[in-house]
Amino acid sequence: MTCVCGKGESTETCCGPILDGKRKAETAEELMRARYAAYALGKVDFIMDSHDPEADNDVDRANTEAWSKQSKWLGLEILSTDKGGPNDEEGSVEFVARYKLKGMNVSHHERATFRKHNGRWVFVDGEEVAPPPMKRDEPRIGRNDPCPCGSGKKYKKCCGQAA
C-alpha cells in the first residue's frame with residue numbers, strides 16, 4: 001500500500017518514521033509530505049511540532065485538529081519546489097492538497113515556505129495560490145435578451161429565472 005502522502009511504499013516506511021520522531025525530514029518537500037500525512041492521520045501533535053516556533057501563536061490547535069479529523073484526505077500533489085534540499089536553510093513547496101469536508105470536494109493550492117530551525121525543517125507560512133481568472137468565450141447574456149435555449153422567451157423569463 002502506498003503512503004498517504006502519495007510517495008513511498010507504505011506510510012510505515014515513508015512518512016511514519018518522521019511522524020513518530022524516529023528520523024528528521026531531510027528536505028522541505030519531505031516535511032511537506034509528512035505534514036500532509038499528519039493531517040490525513042489526525043496526528044495533530046506532529047503538525048504543531050513541525051510549525052516554526054517563531055510563528056507558533058498563528059496556529060489554533062483546536063481548529064487544526066477539527067479540520068484534520070473532520071476531513072477525508074484524498075491526495076497530495078507536489079507541483080514544484082524551490083531550494084529546500086538537505087544543504088539549504090530555506091525552501092518552498094507548491095502543492096495541491098485534496099480533501100472532502102462536509103460533502104464538498106476541496107482542492108487547496110498553496111505555496112508553503114520552510115526553514116531550518118536548530119537543524120530541522122519547520123513550516124513557516126503558506127500562501128494560497130488563486131486559480132486563474134475565468135475568461136468568458138461567449139458574449140454575456142442580458143436579462144432582456146432572447147433565451148439561448150431557443151424558446152423565444154426573454155432570458156429572464158426562461159433559463160435565467162431565479163430558482
Roughly how far, to the nearest 0.5 Å, is the SG atom of Cys147 from the CD1 atom of Ile141? 7.0 Å
Spacing of CD belonging to Glu90 relative to CZ belonging to Arg115, to within rounding of 0.5 Å: 9.5 Å
The complete set of ring-ring contact (aromatic ring centres under 6.0 Å, His included) pairs with one or both residues in residues 129-148, sequence neighbours excluded, reads none
For Leu31 and Ser50, work out which heavy atoms get closest and say how close. CD1-CB, 3.9 Å
Partners meeting ring-ring contact (aromatic ring centres under 6.0 Å, His included) with Phe123 (sequence neighbours left out): His51, Phe114
Given side chains that start at C-beta, do those of Lys83 and Ser92 come closer than 4.5 Å, heavy atoms only? no
Lys116, NZ atom: more than 12 neighbouring heavy atoms under 6.0 Å: yes
Please enumerate all residues that pass side chain to side chain contact (heavy atoms under 4.5 Å, CB included) together with Cys3, with sequence neighbours excluded. Cys5, Thr11, Cys14, Cys15
Residues at least two apart in sequence or cross-chain that pass salt bridge (Lys or Arg N to Asp or Glu O under 4.0 Å) with Lys69, listed by chain then number, are Glu65
Within a strict 4.5 Å, meaning less than it, do heavy atoms of the Lys72 and Leu101 side chains meet? no
Are any side-chain N or O atoms of Asp20 and backbone N or O atoms of Lys22, one a donor and one an acceptor, separated by less than 3.5 Å? no
Restricting to non-hydrogen atoms, name the atom on Tyr99 and the atom on Ser71 that form the minimum distance, rounded to 0.1 Å. CD1-OG, 3.7 Å
Of all residues at least two apart in sequence or in a different chain, which pass the salt bridge (Lys or Arg N to Asp or Glu O under 4.0 Å) check with Asp88? none
Which atom of Leu19 lies closest to which atom of Ala37, heavy atoms considered: CD1-CB, 4.1 Å
If you measure from the Lys or Arg side-chain nitrogens to the Asp or Glu carboxylate oxygens, is any gap between Arg98 and Glu77 under 4.0 Å? yes
Residue pairs, two or more places apart or on separate chains, that pass side chain to side chain donor-acceptor pair (under 3.5 Å) and touch residues 102-113: Glu94-His109, Glu94-Arg111, His108-Glu110
Can you tell me how far apart CG (Asp60) and CE (Met48) are? Round to the nearest 0.5 Å. 7.5 Å
Who pairs with Arg35 by salt bridge (Lys or Arg N to Asp or Glu O under 4.0 Å), at least two apart in sequence or on another chain? none
For Phe46 and Ala38, the nearest pair of non-hydrogen atoms, with its separation, is CD2-CB, 3.7 Å
Under 4.0 Å between a side-chain nitrogen and a carboxylate oxygen: does that hold for Lys154 and Asp145? no
Taking atom OG1 of Thr81 and atom CE of Met32, what is their separation to the nearest 0.5 Å? 12.5 Å
Sorted by chain and number, sequence neighbours left out, salt bridge (Lys or Arg N to Asp or Glu O under 4.0 Å) with Asp45 holds for Arg61
Got a sec, which residues hit side-chain hydrogen bond (donor to acceptor under 3.5 Å, both in side chains) with Asn87, two or more places apart in sequence or on another chain? none
Can you list everything that forms a ring-ring contact (aromatic ring centres under 6.0 Å, His included) with Tyr36? Sequence neighbours excluded, please. Trp73
Could you measure the distance from the CG atom of Asn144 to the OH atom of Tyr155? Nearest 0.5 Å is fine. 12.5 Å
Validation: residues 124-132 side-chain donor-acceptor distances under 3.5 Å, sequence neighbours left out:
none

For the atom pair CD (Gln70) and NZ (Lys100), what is the distance rounded to the nearest 0.5 Å? 15.0 Å
Flag yes if Val106 and Trp67 sit in one hydrophobic cluster, no otherwise; membership is Ile, Leu, Val, Met, Phe, Trp, Tyr, and two members link when side-chain heavy atoms are under 4.5 Å apart. yes
Would a single hydrophobic cluster contain both Ile18 and Val44, if residues Ile, Leu, Val, Met, Phe, Trp and Tyr are joined by side-chain heavy-atom contacts under 4.5 Å? no
Minimum-distance pair of heavy atoms, taken over all atoms of Cys158 and Lys153: CB-CB, 4.1 Å
Tightest non-hydrogen contact, residues Ala112 and Phe95, listed as CB-CE2, 3.9 Å
Using the side-chain hydrogen bond (donor to acceptor under 3.5 Å, both in side chains) criterion, which residues pair with Arg23? Sequence neighbours excluded. Glu30
Does any part of the side chain of Lys156, heavy atoms only, come nearer than 4.5 Å to the side chain of Gln161, both counted from C-beta? no
